[in-house]
Amino acid sequence: LWWEYKRACQEGDECHGPFSGHHMFAWAADGYFSHDGGALVRRITPCGTYKHTDWMPTAGKTQEELELLLLGYKAPAAHAHVPAAPVVDETTGLGGWQTVAVIDALEEQKQHEEVL
């Protein structure tokens with residue numbers, strides 16, 4: 001499931017997304033959508049072109065209700081709270097969100113054929 005959100009107290013139509021249901025639930029579990037009247041969420045396509053639902057408020061919903069809404073199922077207790085981003089190890093700097101290079105496997109193979 002893919003979602004976009006906007007702050008309930010926000011003026012105008014500025015919305016943010018698309019985000020996966022897992023990402024949205026991690027934010028909700030961290031309390032991100034429970035301040036200032038919560039947020040309005042709606043289900044969309046991964047590219048954000050098509051809207052599948054009307055805006056739905058997050059305010060007043062329990063964590064279980066948000067889980068069912070954003071994930072579409074009840075997660076096992078061991079996975080009930082998934083952090084929005086991995087923790088960064090301060091000694092090594094590893095963890096968190098990292099940027100990776102996308103490579104073309106065929107191009108990579110051609111470049112290394114001469115070496116092999």
Side-chain angles (χ1 to χ4, degrees):
L1 301 175
W2 290 88
W3 298 89
E4 64 184 1
Y5 77 91
K6 67 179 180 177
R7 292 309 221 162
C9 63
Q10 173 180 313
E11 294 291 326
D13 293 329
E14 183 182 0
C15 54
H16 310 279
F19 297 104
S20 71
H22 290 281
H23 202 121
M24 294 283 286
F25 178 67
W27 281 341
D30 286 341
Y32 186 73
F33 297 131
S34 59
H35 302 294
D36 299 324
L40 300 173
V41 298
R42 68 178 168 189
R43 191 168 160 224
I44 60 173
T45 56
C47 63
T49 306
Y50 299 102
K51 314 310 182 197
H52 292 297
T53 63
D54 290 329
W55 290 109
M56 296 173 280
T58 60
K61 294 198 180 324
T62 65
Q63 185 163 335
E64 185 174 273
E65 290 171 327
L66 287 170
E67 184 175 25
L68 289 171
L69 172 69
L70 298 171
L71 297 178
Y73 63 91
K74 175 88 174 95
H79 303 290
H81 178 72
V82 178
V87 177
V88 176
D89 182 332
E90 293 181 18
T91 58
T92 64
L94 298 176
W97 298 115
Q98 298 177 358
T99 304
V100 296
V102 177
I103 61 166
D104 180 340
L106 294 175
E107 185 64 33
E108 184 80 4
Q109 183 179 7
K110 287 178 189 176
Q111 290 177 358
H112 291 90
E113 278 181 349
E114 296 173 5
V115 175
L116 299 174

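Every value quoted in this text rests on a predicted model; they were computed, and no experiment measured them. Numbering starts at 1 and runs along the sequence shown.
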Walk me through it: do T58 and L66 pass the test side chain to side chain contact (heavy atoms under 4.5 Å, CB included)?
CA-CA 7 Å; T58 60; L66 287 170; 3.9 Å; yes
For a quick test of reading the model, state the closest non-hydrogen atom pair linking C47 to P18 and the distance between them.
C-CG, 4.4 Å
Heavy-atom side-chain contact between L69 and K61 under 4.5 Å:
yes
Pair E4-K51, salt bridge (charged side-chain N to carboxylate O under 4.0 Å, His left out): steps then yes or no
CA-CA 9 Å; E4 64 184 1; K51 314 310 182 197; 3.6 Å; yes
Look at the aromatic rings of W27 and F33 and report parallel, tilted or perpendicular, splitting at 30° and 60°.
perpendicular
Salt-bridge contact E14-R7 (side-chain N to carboxylate O under 4.0 Å)
no
Go through it in stages, so that I can follow the logic: the residues are M24 and V41, the test is side chain to side chain contact (heavy atoms under 4.5 Å, CB included), and I'd like the CA-CA distance, side-chain angles, deciding distance and then a yes or no.
CA-CA 9 Å; M24 294 283 286; V41 298; 3.7 Å; yes
Hey, does Y50 have a side-chain heavy atom less than 4.5 Å from the side chain of R43?
no
Could you list the cluster mates of I44? Members are the ILVMFWY residues connected by side-chain heavy atoms closer than 4.5 Å, either directly or through other members.
W2
First locate atom CG of L70, then atom CZ of F19, and finally report the distance between them rounded to the nearest 0.5 Å.
12.5 Å
Test of understanding: with ring pair (Phe, Tyr, Trp, His ring centres under 6.0 Å), list the residues that count as partners of H52, not counting sequence neighbours.
none
Would you sort out whether H22 and L71 count as a side chain to side chain contact (heavy atoms under 4.5 Å, CB included), showing the intermediate values?
CA-CA 6 Å; H22 290 281; L71 297 178; 3.5 Å; yes
Closest heavy-atom contact between G37 and A59?
O-CB, 3.4 Å
Can you confirm if the aromatic rings of W55 and Y5 lie within a centre distance of less than 6.0 Å?
no
